[in-house]
Every structure is written in C-alpha cells, then in structure tokens.
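Let me begin by presenting the structure, written as structure tokens, before commenting on it.
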Amino acid sequence: MASDPKAQIEAALRAALAKVAPAHASAPILLERPKQADHGDLSTNIALQLAKQLGRRPREFAEQLAASIAGDAFERPEVAGPGFINFRLKAGARFGVIARVLEQGARYGWSRSGGGEPVQVEFVSANPTGPLHVGHGRQAALGDAIATLLESQGHKVTREYYYNDAGAQIDKLAWSVQARAKGIRPGERGWPEEGYAGEYIEDIAREYKGDANDVPEVRRFAVAYLRREQDADLAAFGVKFDVYYLESSLYTEGKVEAVLKALVASGKTYEKDGALWLRTTDYGDDKDRVVRKSDGSYTYFVPDVAYHVTKWQRGFKRVINVQGTDHHSTVTRVRAGLQALGLGIPPGWPEYVLHSLVKVTRGGEEVKISKRAGSYVTVRDLIDWVGRDAVRFFLVSRKADSEFVFDVDLARERSDENPVYYVQYAHARLCSVFAQWGGKPATLGSVRLDALRGDREALLASLLDEFPETLAKAAREAAPHDIAFYLRELAAQFHSYYNAERILVDDEELRSARLALCAAVRQTLANGLSLIGVSAPEKM
RNA sequence: GCGCCCGUAGCUCAGCGGAUCAGAGUAUUGGCCUCCGAAGCCAAGGGUCGUGGGUUCGAAUCCCGCCGGGCGCGCCA
C-alpha cells in the first residue's frame, strides 16, 4: 500500500525541526492544500509561526528548514512569500491515492482512531403527539449523519430516541382524540383547551374502536398509533434507531423518584412557595429551578435528569444530544442537575449539537400549514414533495446553527439546480462510463498510472487524498455539512475533467490509468453520499 | 432588559485554532453536444466580509462597544 504523502511530509518536517530548532520539535504543524496551483500541493506556515519565538527572520528560517527536509514523495520544497514552505509531490506519490482508494473500497476514508469508544447520539426525540415536523427532519438528518461519521472514525455508536410518552402533553392528546371520537370538532363546545387540531387526530379517532370514555385506553391507543406513524416516517427517511427509551419507564422503574431523593440528599434543594427548588445557579444557571411543583407533581426537569443518569450509568462517557436551539436553555439545566447529584460526571457532559429552526418556502411564500398536521409542515410532506435524497442532502448541507430556509421549488421543480442531483449525476455518469467500457473494475487496482499527467488529474487525486482528513474533521466537529461541501467539490472537479478529457481513449495504458482514477472517484463519491444517508444511483 | 446563536457577492451559503482566504452555488451575460449521459462544461461582471474601536509585522477569523435578525428567559415540554 502506498503511504500517505501528507503524513510523509509531516514526518519529514518534524525531523527537520528537531534538527534546526530542537526546542520546538513538537510544535503543531499545519499542512494546508493551497488553492493556487503554483503554491504546490501542500504548504506550511510553520516557519512563520516559529520565527517570532525564535527571534529570527521568517524567510531565512524557512530557507534553513526547507534545506534540511528530505523525502522521496516530493520535490525539493520551495520557500515563498513571507516564509511559507511549499511542497510539490512527485507523480508517483500524487497518484498513489488511487490504489489506496481501490484497495480500501467502501472503507476508504474510515479510520480506527475512535478505538471502539462508545458514543451515544440522541436525536429526534419527538413527543408522540403528532407527525414529525421539518425541525425533526433536520434533526434526523443531522443526528444520523453525525452518528455515521463517528462510526467511520471507529466509535461504537448508539442511536437513541427518547419518547416523552408521559406528562401533560399526552393527556392533551388523549382528550383531543376522545373529543374527536365523540364527534366534537376543534373549536366546538367541549373541545379541550389547547387540544391538537390536526387531521391526524381525526384519523386516530376513526381507527379507535374502543370506549371513548375510557381515557387511559384512548391514550394508549393514540400513543401507539402515533409511534407507528413516526416509525413509518423515519423508515421513509432511512433513519434507524438502536434504542427507544420511554420516559414512562423512568416512572415505572422508580428512577424519577430516586433522582429526586438524591437531589434532596445532596443538600442543594430548598422549599419555597410550596414548591421544591434546586440551586442550579450554583452550576452556572441564571436562576434556580423548580423540581417539584406545589401540587406535588414533578417538572419535566426531573425525568430529564433521571434519563441522563441512565445514559451515564449505561457507560456512555460521551453523549451527543441533537436538539433545536429552542431548547438550548435545557443544556445548562440538565448539566447542573447532573452536577448536583455528585456522580463524578464531568461538568461539560453531555455534549450538545443545537440546530436552528427550519423555514419552508414555496412559490416565494413561507409554508406554515399542512393538512396532515394542522399547524406545521411534516417530514413526510417534504419527502413527498422532493424525495428522500434531496431532503437528506439539503438538511445536512448547512451548519447546524445557521437558520435554514428550505426552498421547495428549488429542491423540486427545477431539479437541475439541485445540488444533490449534481453529485448523484457525477456518480451515475461514472457508472455509465464503466458500463460502456465493459471491463472489470477490480482489475484496475494494480494498473500503471504513469500516463496520468494532466493538471485536472492531479487535482482530482489531490481531492481524493483529502477525503480521509475531511471525514475525520467532520466527525470531530460533528459537522456533516463538511461532507456535503466536499462532495460538491469532488463532483465539480470530475465534471470538469469529464468535459475536458476523454476517458475511453484508444491508448490502452492511458485508458486504464484514467479508468483507475475514475473508479477511485466513483468510490469516494459513493462513500461520502452514504455517510449522509443519500443514495448513489447508477442511473438517473 | 438578560443569556445563547447569526450578520460574507442581487439571492442561498462555505471559510472563523490569523498569513497562500475574498470563496462556492445560484441569478445575469456570452460561448461548448457529428465526440464516454448538456441533470454537464468554459468564460465575464458582481463583495469597504453589518459597523466602530483594540490586539498583531499581518484580522472575515481573536477581544470590546454598537446596530440588525433568530431563539430562549414558566411551579409548559
């Protein structure tokens, strides 16, 4: 297997540093890929970083450093600008990546750096009181991609869904269904205050054959019905969970009670106005929080803490919760509650990825209503309108914390403007080339690559080379949008190459070499798409 | 009012452990299919990186103020 040229350059730089500036032998080395071709394939600003500390002139220091660097993967480094050191790879090293991709196949880009460390990603966690809305869709797309990214880096990931199937909102659901079953419509006399008005309530009422006066039975039926619906939506979205954790089980197993007792025992609680409060201000909250209301019932805060205690006790030293920014106030609170328990949980545990809300537009207008849900657009609506792949790709293509406007027209009516098709098209196009060629891609792994001389080919190889580090960074930062942007760039570079050069040329050596490069591009596109849950079609 | 997040090209957005960082898509304009898929490619125009200070040899990037927008500020979840 050809070694990674970047790793080799880094090692060579390290060795040179040890010789020229022993005191800084372990300084962090940043190797970048310059945009401009005349700055080489890789470049470092290490001389600029260290010159100041060494009290030396950057350019002079860079020259000295460059002079003592040696390696067989690259040409003699050049010093440029104020003191950058630029590296140009030798052809063999540059295209070595092709063999690596073809050898590793679907695992190209994956690593074992996670060492099997268990991580739990909790996401969606919608109340079973209605269909999933677009915000849940963003969470599903983000959470699933983050989970997959972590798996790609060697973590053992558990995808978890927390069902808030206990509490006041479930009562409201039961009453709404009950009213519907009795023929009462929203707004009419006898309709529950703040009841759920969506069409799905009517569906549930119609399906319910039992006694409308049996509220517990109505509740059981409605919750089960909506869970099935949500499961179907998630299945249509291609998202699977390993664990569904029921809030109700926290009560039936006495975990809520236990946590309350432990909080009292911690001495961090006090009585005021007939309620029991926790001193969360001791842990950075801006005000203390009620844990037991004056009517004797608990606030949702208590089961929340109890739930997180179970995560810790289940052995997850690392937990990532994906939530909307509308819940960001719970971050401090949950952590504070956990701290008060004194279980040795780190103050910053669990981690959170907060995403801004999603706005849906169509025909230039914001869409707020959907028949199915009554007051919001559902994930299912979106999938019906634009297809699963487009929804997935769109929702993951922006930073979590930027507000997202989902333009239905853009994703649907003018599909040629749709970025997901652009990437998928590159993949389908490649498949078409291979179909036309008719040979066996497996034979390309050991083909001679000396015929690859073009700038576009070099650029493609460089992009392929970049994939593993892009993936590692995306996983580290829980930022799937990095993958979407990478795929866009790789697809663009391929389309450009495809238009400029013919792949199936007569010259056998050149044709094989180009096919090998193309096979590597196709593999990497497929790998990246799978990370964000988007299909890689052979035909479109 | 307080807390968190966000202001980058007409529009939608990357870049934000400082330098080789002024970028992509889209829109507009002009080119490219007797040739492996034109859902594609090539080219042009377009930005005082919200604003005012500060740190630095060097700031879209770090710090402070201000302006604008989002979310939160329940004995709701």
Side-chain angles (χ1 to χ4, degrees), chain A residues 28 30 32-36 38-40 43-45 48-49 51-52 58 80-86 125 127 129 164 166-170 172 194 247 272-277 284-287 289-301 303-304 324-332 354-357 359 394 397-407 410 414-426 428-437 479 481-482 484-486 488-489 491-492 494-505 511 514-515 518 539-540:
Chain A
L30 193 63
E32 291 181 321
R33 298 173 190 276
K35 280 218 161 105
Q36 286 166 259
D38 55 329
H39 293 145
S43 174
T44 183
N45 64 352
L48 289 163
Q49 296 294 349
K52 190 174 189 178
F84 292 96
I85 304 174
N86 298 335
S125 297
N127 295 341
T129 55
N164 294 96
Q169 80 280 0
I170 297 296
K172 253 172 31 181
E194 293 178 57
E247 182 189 6
K272 194 181 90 182
D273 304 331
L276 186 70
W277 298 69
D285 205 353
D286 54 356
K287 58 182 77 166
R289 303 293 166 175
V290 170
V291 290
R292 192 184 59 220
K293 299 184 242 178
S294 51
D295 69 2
S297 64
Y298 302 144
T299 59
Y300 69 93
F301 172 52
D304 260 13
T325 53
D326 54 337
H327 285 81
H328 77 236
S329 65
T330 68
V331 175
T332 311
L354 300 177
H355 70 268
S356 295
L357 277 353
K359 196 160 83 172
F394 267 58
S397 64
R398 277 158 182 67
K399 275 184 308 203
D401 54 12
S402 71
E403 198 184 335
F404 186 67
V405 178
F406 196 111
D407 184 339
L410 181 91
R414 303 153 89 184
S415 58
D416 56 319
E417 294 169 16
N418 188 327
V420 67
Y421 288 142
Y422 184 84
V423 177
Q424 288 183 320
Y425 181 57
R429 225 178 191 186
L430 279 157
C431 290
S432 174
V433 171
F434 281 100
Q436 178 132 350
W437 171 53
H481 74 275
D482 284 345
F485 277 89
Y486 173 86
R488 230 273 158 209
E489 201 180 343
F494 166 71
H495 284 309
S496 176
Y497 176 58
Y498 182 89
N499 274 274
E501 306 283 356
R502 194 176 166 78
I503 294 157
L504 298 174
V505 292
R511 184 178 64 230
R514 286 183 170 170
L515 281 165
C518 285
K539 286 181 180 168
M540 292 175 67

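This structure is a prediction, so every number in the text was calculated from the model and none was measured. Residue numbers start from 1 in every chain, and the chains themselves are labelled A, B, ... in the order their sequence lines are given, proteins ahead of strands.
For Asn499(A) and G40(B), a side-chain-to-base donor-acceptor distance below 3.5 Å is present, hydrogens and geometry of angles not being considered. For His328(A) against G3(B), a side-chain N or O and a base N or O form a donor-acceptor pair under 3.5 Å. You won't find any donor-acceptor pair under 3.5 Å spanning the side chain of Ser329(A) and the base of G72(B), going by distance alone. In the interface, the side chain of Ser294(A) is paired with the base of C75(B) through a donor and an acceptor atom under 3.5 Å apart. A donor N or O paired with an acceptor N or O is not found under 3.5 Å between the base of A39(B) and the side-chain atoms of Tyr425(A).
Applying the 4.0 Å criterion to OP1 and OP2 of C76(B), one finds that Lys293(A) has a side-chain N or O inside that range. Contact annotation: Lys399(A) side-chain N/O to G15(B) OP1/OP2 distance is under 4.0 Å. Phosphate proximity of G37(B) to Tyr422(A): absent, as no side-chain N or O sits under 4.0 Å from OP1 or OP2. Within the 4.0 Å cut-off from OP1 or OP2 of C42(B), at least one side-chain nitrogen or oxygen of Ser496(A) is found. Taking 4.0 angstrom as the limit, Ser402(A) places a side-chain polar atom (N or O) nearer than this to OP1 or OP2 of A14(B).
In RNA chain B, runs of at least 3 consecutive Watson-Crick or G-U pairs, each pair with both distances below 3.5 Å, span B:1-7 with B:67-73, B:10-13 with B:23-26, B:28-32 with B:40-44, B:50-54 with B:62-66.
Going from atom CG of Asp407(A) over to atom P of A27(B) covers 12 Å, rounded to whole Å.
Aromatic rings of Phe404(A) and His355(A) (six-membered ring for Trp) have centroids beyond the 6.0 Å cut-off, not under it.
Nucleotides G45(B) and A22(B), compared at atom C1', are 16 Å apart to the nearest Å. A distance of about 36 Å separates the P atoms of G72(B) and G25(B), rounded to the whole Å. For the C1' atom pair drawn from C4(B) and C49(B), the interatomic distance equals 23 Å after rounding to whole Å. G50(B) and U12(B) have their P atoms separated by 15 Å, given to the nearest Å.
Ring geometry, Phe394(A) versus Phe406(A): the interplanar angle falls from 30° to 60°, so the pair is classed tilted.
Tyr498(A) comes within 4.0 angstrom of a base, heavy atoms only.
A donor-acceptor pair is defined here as one N or O able to donate and one able to accept, closer than 3.5 Å; such a pair exists between the side chain of Arg511(A) and the backbone of Val505(A). The backbone N or O of Val290(A) sits less than 3.5 Å from a side-chain atom of Thr299(A), completing a donor-acceptor pair.
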